[in-house]
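Have a look at the structure below, then the notes.
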Amino acid sequence: MPEEDLVDIKFRLYDGSDIGPFRYSSTSTVDMLKQRIVSDWPRGKTITPKAVNEIKLISSGRVLDNNKTVGQCRTPFGEAAGGVIIMHVVVQPSLAKTKTEKKIDKSPKKIVCSCSIM
């Protein structure tokens, strides 16, 4: 694989720490990057993704689509010194697990008015 087809990417987590940098082919998909993030997630973090679908990757202010390749997402503005691209990782646990049911009281309420009419 030619050297110019390889891209160094570092993943910035919510607390400012990083995973990587790792070297990827420009044909690697965003989904492949997310799989690596889940498998290499540091232990002891308060927020931990359980699956790839709980992660969003952001590069140059854009949320990256899973089916895009690194080469398609690469912009010259997203590169730091040394040619390392920094992507921000956002973890959003699935709603099915975190959603709490709220009871809605639909019974009629008695309204008391303490108005005086003159």
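What's counted below: heavy atoms across the whole structure, side chains too, no hydrogens, waters or symmetry copies. As the structure is a prediction and not an experimental result, all values here were calculated from the model. Index from 1, following the sequence.
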Exercise. Would you say F11 and I58 are hydrophobically clustered, going by side-chain heavy atoms of ILVMFWY under 4.5 Å?
Worked result: no
Problem set entry | Listed partners of D15 passing side chain to side chain donor-acceptor pair (under 3.5 Å), at least two apart | S17, K45
For this session: State plainly whether one hydrophobic cluster holds both M32 and V7, where clusters connect Ile, Leu, Val, Met, Phe, Trp and Tyr through side-chain heavy atoms under 4.5 angstrom apart.
Result: no
Seminar exercise, completed: Value for NE2 (H88) from CG (D18), rounded to nearest 0.5 Å, stands at 9.0 Å
Seminar exercise, completed: Residue set satisfying salt bridge (charged side-chain N to carboxylate O under 4.0 Å, His left out) with K56, at least two apart, ordered chain then number -> none
Problem set entry | Same apolar cluster: I85 and V63, side chain cutoff 4.5 Å | no
Problem set entry | Counterpart residues, side chain to side chain donor-acceptor pair (under 3.5 Å), relative to T27 (two or more places apart) | S25
Exercise. Going hydrophobic residue to hydrophobic residue with side-chain gaps under 4.5 angstrom, can you get from V52 over to I37?
Worked result: yes
Problem set entry | Verdict with reasoning, K34 to V38, per side chain to side chain contact (heavy atoms under 4.5 Å, CB included) | CA-CA 6 Å; K34 289 180 178 183; V38 171; 5.6 Å; no
For this session: Kindly work out whether a path of hydrophobic side-chain contacts (I/L/V/M/F/W/Y, heavy atoms less than 4.5 Å apart) joins I47 to L13.
Result: yes
For this session: Would you mind telling me which of D8, L33, L6 makes a side chain to side chain contact (heavy atoms under 4.5 Å, CB included) with Y24?
Result: L33
Exercise. Which distance, rounded to the nearest 0.5 Å, do you find between the CG of N66 and the CG of L57?
Worked result: 8.5 Å
Exercise. Do I9 and V84 touch side chain to side chain, with heavy atoms closer than 4.5 Å?
Worked result: no
